[in-house]
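This report concerns only the one structure given below.
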Amino acid sequence: MKQFFVLLLILFSLQTSKAQWMNENLEGKWIGTIDFELYPDLVFVNIDSVIKVKLFYHQEETEKVENYKETSDSLTFQIDTPSMAATYRGVILNDSTIMGKLEVGFKTIDCNLIRIAAINIEDMGSLLGYFSFEDGRVIQIEPFYIDGTTHPLRILDYYNGKQRILYPTYKDKNRVTFAAGPKMATSYPTDFTITLFRNNEGEALRLQYDSFVEGTSLKEGKRLQELANTKEVIVKNDGNQIEGTLTYPNIDTSKHPLVIFVPGAGAQFRGNLFDEYIRTLPYYGIATYVYDKRGCGLSTGDRKSANFDDFASDLEAIIKKLKKTKHIDENRIGLVGFDQAGYVMPIALQENEDIQFVVNLSGAVTPFADQEIQALQKRLTADQFTKEDIAMTLKYQELFMKFLDDGQKTPELMEVYNKIILTPMIEYITTLDQTEYIDWWKRYYQFDAKESWEKLDIPVLCIYGEQDNLLDPNTNIERIQSFKNKDLFTTKILEKSNHFLLRGGKRGDVQLTEIEGYHPYLFKTLNEWIGEKMGLIK
């Protein structure tokens with residue numbers, strides 16, 4: 001995600017020949033979406049003594065706009081750069097909305113803007129945390145950084161899975177309103193609003209949730225009590241220290257069931273983990289433990305030199321320590337893992353009888369080499385490479401696997417390699433001079449967790465996204481059906497969902513202008529299945 005923002009955040013400084021404009025109500029910050037193909041782009045407009053515009057995806061710069069014109073109800077200007085010539089025409093509906101279009105070449109693209117209200121830290125602080133409403137839904141609101149000039153918040157509605165960015169649109173003494181659009185970062189049209197009501201002393205009274213799509217108005221949003229009982233737990237294993245956070249429910253009882261979240265591939269640590277899958281469990285009476293992967297965050301060790309057995313060994317040590325931790329019911333411990341955890345969890349549980357269930361989210365059960373070929377093909381397809389290019393890249397991958405076996409750079413391998421290094425597909429493969437990555441491949445490419453999965457005698461829930469661009473859900477479910485213990489597995493495919501179980505997006509990752517949120521039944525499915533296995537739901 002850091003690379004995502006570094007590569008895609010571009011600043012336009014559009015200087016006008018005017019120091020003043022006719023409609024003084026335009027002054028301030030505006031945000032909208034330009035519906036480019038392949039990816040819609042966020043656009044930020046700051047109208048002050050100059051006009052400044054920021055785009056997230058397009059690498060364009062211009063020092064000034066041409067032919068700037070403004071009336072009491074319209075705004076027009078032109079952008080002219082070596083790689084982009086465009087005209088913006090907007091109709092000023094009111095002091096909070098500009099309905100506009102961007103003319104680029106022969107295309108006319110919608111570009112509607114809404115005004116962002118000025119707020120302060122106190123406004124944001126009163127809205128941060130978990131809140132519940134009268135229909136039983138729970139939401140989480142937290143800060144979200146985009147560009148440094150605005151102060152949006154991020155909301156996750158665990159009732160319907162919506163994950164959106166909230167933009168401040170109105171403020172007075174007794175209330176401040178934030179609005180969310182139809183996609184994660186798009187601002188128009190409004191999908192729902194969150195309004196904080198305050199008394200005359202400025203103290204927060206309640207939240208109101210108005211959904212224009214659902215046709216509901218929830219007026220009694222109350223902040224959930226803080227989960228004050230958290231504990232930092234360090235687990236020592238193999239000369240390393242694995243650091244994590246144990247969060248207890250706000251329930252006065254001697255023993256709590258526990259869910260351990262197992263991280264996926266890459267540099268995973270608290271704060272960047274997809275641990276949202278289990279964040280609400282303490283509010284339902286289940287303790288959680290989330291940890292920094294070996295060599296990540298505060299945990300010591302070397303992630304890059306570790307293999308699946310090493311990560312599984314860390315997990316075994318975590319289970320062993322937590323089962324003896326005060327206030328944890330050692331007979332009710334489960335695992336929820338994401339992505340690469342599908343390879344790690346079954347290894348850790350081969351000789352372990354302390355776990356009562358496993359939830360495998362987007363975790364492959366196919367051989368590692370097969371999974372990587374699936375991912376390569378899906379990424380190339382999503383990025384619109386030709387069938388011929390995809391076939392050549394997959395051919396190289398197959399020959400590369402043979403090279404890992406015998407170390408022979410055969411004429412056939414070199415012929416394909418010499419072709420592919422001259423194409424954009426080189427960004428998708430491991431080249432023969434990348435010794436560090438070749439060593440990584442040698443640690444993993446022959447791995448298959450099937451034998452470990454088949455040794456389990458506990459229930460397993462596997463959830464996959466229909467539009468996963470890293471693995472094929474049907475192939476993995478077919479593999480599960482070949483397991484000797486297949487009857488212990490429950491499998492689900494969530495429609496229109498990607499690898500992260502989010503909906504929206506053409507590539508299956510997390511473009512801010514495309515993602516709608518998690519599948520609406522994801523959290524309900526997880527919470528009810530885990531609750532049943534913990535004996536909390538009959």
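Fair warning: this is a prediction, and the values are worked out from it, not measured in the lab.
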Between [X] and [Y], a side-chain donor and acceptor under 3.5 Å:
| X | Y | answer |
| --- | --- | --- |
| Tyr518 | Asn160 | no |
| Ser313 | Asp310 | no |
| Gln140 | Arg279 | yes |
| Asn498 | Asp468 | no |
| Arg270 | Thr245 | yes |
| Lys293 | Gln268 | no |
| Asp329 | His256 | no |
| Gln350 | Ser452 | yes |

Within the structure provided, determine whether [X] and [Y] are in side-chain contact (heavy-atom separation under 4.5 Å).
| X | Y | result |
| --- | --- | --- |
| Val358 | Ile458 | yes |
| Glu516 | Leu502 | no |
| Phe212 | Pro189 | no |
| Phe311 | Gln340 | yes |
| Arg294 | Arg303 | no |

Checking salt bridge (Lys or Arg N to Asp or Glu O under 4.0 Å) for the pair Asp383/Arg379: CA distance, chi angles, key distance, verdict?
CA-CA 6 Å; Asp383 288 347; Arg379 286 195 294 267; over 6 Å; no

Between [atom1] on residue [X] and [atom2] on residue [Y], distance to nearest 0.5 Å:
| X | Y | atom1 | atom2 | answer |
| --- | --- | --- | --- | --- |
| Trp441 | Thr430 | CH2 | OG1 | 6.0 Å |
| Ile242 | Thr300 | CD1 | OG1 | 6.0 Å |
| Ile421 | Asp433 | CD1 | CG | 8.5 Å |
| Leu153 | Glu142 | CG | CD | 9.5 Å |
| Asp314 | Asp238 | CG | CG | 7.5 Å |

Please walk me through it: do Asp135 and Arg137 pass salt bridge (Lys or Arg N to Asp or Glu O under 4.0 Å)?
CA-CA 6 Å; Asp135 66 345; Arg137 82 177 64 204; 2.9 Å; yes

Are the charged groups of Lys320 and Glu316 less than 4.0 angstrom apart, N to O?
no

Answer yes or no: is there an ion pair linking Glu412 with Lys419, defined by an N-O contact shorter than 4.0 Å?
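Salt bridge between Glu412 and Lys419, a charged N being under 4.0 Å from a carboxylate O: no.
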
Quick one: closest heavy-atom pair of Tyr289 and Val233, and the distance?
OH-O, 2.9 Å

What closest approach, in Å, do Ile328 and Ala287 show between heavy atoms, and which atom pair accounts for it?
CD1-CB, 4.0 Å

Parallel under 30°, tilted from 30 to 60°, perpendicular over 60°: which one fits the rings of [X] and [Y]?
| X | Y | value |
| --- | --- | --- |
| Tyr277 | Phe338 | tilted |
| Phe368 | Tyr444 | tilted |
| Tyr130 | Tyr283 | tilted |

Greater than 12 external heavy atoms within 6.0 Å of [X]'s [atom1]:
| X | atom1 | answer |
| --- | --- | --- |
| Tyr437 | OH | no |
| Glu451 | CD | no |
| Lys255 | NZ | yes |
| Lys492 | NZ | no |
| Glu232 | CD | yes |
| Gln481 | CD | yes |

Test your reading of the model: is there a side-chain donor-acceptor pair from [X] to the backbone of [Y], 3.5 Å cut-off?
| X | Y | value |
| --- | --- | --- |
| Asn418 | Met414 | yes |
| Thr423 | Met425 | yes |
| Thr513 | Pro40 | yes |
| Gln434 | Thr431 | yes |
| Arg479 | Val365 | yes |

Tested for side-chain contact (heavy atoms from CB on, under 4.5 Å) against Met345, the lone hit among Val460, Leu456, Leu315 is Leu315

Steps toward side-chain contact (heavy atoms from CB on, under 4.5 Å) verdict (Asp339, Leu361)
CA-CA 6 Å; Asp339 184 60; Leu361 301 173; over 6 Å; no

Strictly under 6.0 Å, is that where the ring centroids of [X] and [Y] end up?
| X | Y | answer |
| --- | --- | --- |
| Phe308 | Phe447 | yes |
| Phe500 | His519 | no |
| Trp529 | Tyr521 | no |

Would you check, one step at a time, whether the test side-chain contact (heavy atoms from CB on, under 4.5 Å) holds for Asp457 with Asn485?
CA-CA 7 Å; Asp457 61 356; Asn485 56 349; over 6 Å; no

Using the side-chain contact (heavy atoms from CB on, under 4.5 Å) rule, take Gln397 and Thr393 through it: C-alpha gap first, then chi angles, then the decisive distance, then the call.
CA-CA 6 Å; Gln397 190 73 3; Thr393 310; 6.0 Å; no

Full working for salt bridge (Lys or Arg N to Asp or Glu O under 4.0 Å) between Asp157 and Arg164
CA-CA 9 Å; Asp157 186 335; Arg164 305 290 165 79; over 6 Å; no

Before giving the answer on salt bridge (Lys or Arg N to Asp or Glu O under 4.0 Å), spell out for Arg154 and Glu276 the whole-Å C-alpha distance, their side-chain angles and the decisive distance to 0.1 Å.
CA-CA 13 Å; Arg154 192 202 70 147; Glu276 292 167 340; 2.3 Å; yes

Kindly determine whether Leu258 and Tyr248 satisfy side-chain contact (heavy atoms from CB on, under 4.5 Å), including the steps that lead there.
CA-CA 9 Å; Leu258 170 69; Tyr248 290 102; over 6 Å; no

So Phe269 and Tyr291, ring pair (Phe, Tyr, Trp, His ring centres under 6.0 Å) or not? Walk me through it.
CA-CA 7 Å; Phe269 52 89; Tyr291 63 93; over 10 Å; no

